[in-house]
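Beneath this line is the structure, given in structure tokens, with notes to follow.
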Amino acid sequence: MMLTEVSYWGVSGMSDRDRLLQECFVQAGAEHGFTDVSASWERFKEFKATWKRRSASAELRITDYMKDSGTELISDLARGIFGRIGKGGSREIYSERLKQHFLSPEFIQRNQPLYLKRSRNLAYCQKGRAHDLQGLQEDLLDLGLVRRAPHAYLTWTKGENRQRVGYCSVIMRVVAVSRVLDRMDVPSYVPSYVLYHELLHLENGLRFGSYHDREFRERERIHPHHEEAERWLRKIVADPQFR
């Protein structure tokens, strides 16, 4: 996540969900000394919130993936955000209740399809021209390198990005591998290694601080083709003719 009293009850055209969001954030803001708070839903592709603050005022835009989450969870998010942007900001934004909510089948089933719809660079397929992400995942499972990730969605990208060969949305449980690795002349252990890297992020879940800390790097090196795959990735990044 990038991470005066407001009269809103009489605002014309404000929906129940808009009012609920405003109420939760006004109350949480007041707990942290903010007297002028405005919060609105935003159709972000990623799960995030943004804010502008000045003195005791704050204007926030909140991901609409939370629209159906209810008073308690929206209030938890509001307190987490104000705890982060207020004086002596807390590192932690998500309460344990929120983390459990993000892992729930209901949250994924409701929001993952919307996230996929908003993602323009996904091919929406696991089987590529040369390599099969589902098969590569099964190999990693058989080797005991990863655990099966419930509701994980694996896909190739449309574009052949050489700089960003893989990415993962932990909350939406979507893993994408760059199409640049889907070639017969690229050994299967290269996309396997990238997929392994992203699946480790899914296993680690929501974390604050470095996602690539020492523990993560040590586990990453367990992949049986770690060194060869790293050499291939450096070659791909360095060669502008690699298409």
One pair to check against side-chain contact (heavy atoms from CB on, under 4.5 Å): R148 and L141. What are the steps and the verdict? CA-CA 7 Å; R148 192 173 297 279; L141 290 165; 3.2 Å; yes

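- Of all heavy-atom pairs between K45 and Y65, the closest is O-OH, 2.7 Å.
- Atom NZ in K235 sits 15.0 Å away from atom CD in E230 (nearest 0.5 Å).
- Ring centroid separation for the pair H197 and F216 comes in under the 6.0 Å cut-off.
- You'll find the side chain of V174 stays beyond 4.5 Å of the side chain of C168, heavy atoms only.
- Hydrophobic clustering (side-chain heavy atoms under 4.5 Å, transitive across Ile, Leu, Val, Met, Phe, Trp, Tyr) keeps W41 apart from F44.
- R162 contributes a side-chain N or O that, together with a main-chain N or O of I236, makes up a donor-acceptor pair within less than 3.5 Å.
- Side chains of Y153 and Q126: a donor-acceptor N/O pair is absent below 3.5 angstrom, by distance only.
- Here the side chains of D182 and R179 are in contact, with some heavy-atom distance below 4.5 Å.
- When side chains are defined from C-beta on, L233 counts as touching L181, because their heavy atoms get closer than 4.5 Å.
- Legend: residues meeting side chain to side chain donor-acceptor pair (under 3.5 Å) with D132, ordered by chain and number and at least two apart, are absent.
- Minimum heavy-atom separation, S119 to Y124: O-OH, 2.6 Å.
- Using bins of under 30°, 30° to 60° and over 60° for the plane-to-plane angle, the ring pair F82/H32 lands in the parallel bin.
- Considering only heavy atoms from C-beta on, S38 stays 4.5 Å or farther from L60 through its side chain.
- The shortest non-hydrogen separation linking A78 to A28 is CB-CB, 3.6 Å.
- Applying the ring-ring contact (aromatic ring centres under 6.0 Å, His included) rule to F102 yields the partners F47, Y94, F107; only residues at least two apart in sequence or on another chain are considered.
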Given side-chain contact (heavy atoms from CB on, under 4.5 Å), test N161 with V180 step by step and report yes or no. CA-CA 6 Å; N161 195 323; V180 75; over 6 Å; no

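- Contact record, C24 with T71: SG-O, 3.9 Å, taken as the closest heavy-atom pair.
- When the salt bridge (Lys or Arg N to Asp or Glu O under 4.0 Å) test is applied to E42, the partners found at least two apart in sequence or on another chain are R61.
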Please walk me through it: do H212 and H201 pass ring-ring contact (aromatic ring centres under 6.0 Å, His included)? CA-CA 9 Å; H212 300 123; H201 283 311; 5.0 Å; yes

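- In the hydrophobic clustering of this structure, I74 groups with L114; members are Ile, Leu, Val, Met, Phe, Trp, Tyr whose side-chain heavy atoms approach within less than 4.5 Å, directly or through other members.
- Side-chain contact annotation: S192 with H131, donor-acceptor N/O pair under 3.5 Å absent.
- The pair D64-R17 fails the salt-bridge criterion, with no side-chain N (NZ, NE, NH1 or NH2) lying under 4.0 Å from an Asp/Glu carboxylate O.
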Is there a side-chain contact (heavy atoms from CB on, under 4.5 Å) between R97 and S95? Walk through the geometry before answering. CA-CA 5 Å; R97 180 164 52 187; S95 66; 3.8 Å; yes

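- Atoms CZ and CD, on R79 and Q27 in that order, are 6.0 Å from each other to the nearest 0.5 Å.
- Here T157 contributes atom OG1 and R164 contributes atom CZ; the two are 10.0 Å apart, rounded to the nearest 0.5 Å.
- Of the inter-residue distances, the one linking I171 atom CD1 with L103 atom CG reads 9.0 Å to the nearest 0.5 angstrom.
- With R53 contributing its side chain and S55 its backbone, the two residues share a donor-acceptor pair below 3.5 Å.
- Residue V194 is grouped with residue I222 when hydrophobic side chains (ILVMFWY) are merged at heavy-atom distances under 4.5 angstrom, including chains of intermediate members.
- In this structure, CG in L77 is found 14.0 Å from CD in E72, a value given to the nearest 0.5 Å.
- Proximity of a side-chain donor or acceptor of E59 to a complementary backbone N or O of D36 within less than 3.5 Å is not detected.
- Between L199 and L145, the closest side-chain pair of non-hydrogen atoms is not below 4.5 Å.
- Side-chain contact between I62 and F25 is present, with heavy atoms from C-beta onward closer than 4.5 Å.
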Take Y115 and E46, measure what side-chain hydrogen bond (donor to acceptor under 3.5 Å, both in side chains) needs, and give me the verdict at the end. CA-CA 7 Å; Y115 177 86; E46 300 297 341; 3.1 Å; yes

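- Counting only residues at least two apart or in different chains, side chain to side chain donor-acceptor pair (under 3.5 Å) contacts with residues 166-178 are absent.
- The nearest pair of heavy atoms linking L20 to G70 is CD2-C, 4.3 Å.
- Scanning all heavy atoms of the two residues, the minimum distance from L21 to S40 falls at CD2-C, 3.4 Å.
- Applying the salt bridge (Lys or Arg N to Asp or Glu O under 4.0 Å) test to every pair with at least one member in residues 187-204, sequence neighbours left out, gives these pairs: R147-E203, E203-R219.
- A donor-acceptor pair shorter than 3.5 Å can be found between the side chains of Q134 and E138.
- There is no side-chain donor-acceptor pair under 3.5 Å between H225 and Y193.
- Residue R54 places its CZ atom among 12 or fewer non-hydrogen atoms of other residues, nucleotides or ligands, all under 6.0 Å distant.
- Using a 4.5 Å heavy-atom threshold, the side chains of S188 and D139 count as separate.
- Other residues, nucleotides and ligands contribute over 12 non-hydrogen atoms within 6.0 Å of the CZ atom of R129.
- Put simply, the side chain of I85 reaches to within 4.5 Å of the side chain of F34, judged on heavy atoms.
- Distance check, rounded to the nearest 0.5 Å: CG of L116 to OG1 of T155 gives 8.0 Å.
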Carefully, step by step, assess E23 and V26 under the rule side-chain contact (heavy atoms from CB on, under 4.5 Å). CA-CA 5 Å; E23 179 181 298; V26 166; 5.9 Å; no

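- Summarising the local packing, CZ of R214 is surrounded by 12 or fewer heavy atoms from other residues, nucleotides or ligands at distances under 6.0 Å.
- Screening residues 100-114 for side chain to side chain donor-acceptor pair (under 3.5 Å) gives S69-H101 as the qualifying pairs, with residues at least two apart or on separate chains.
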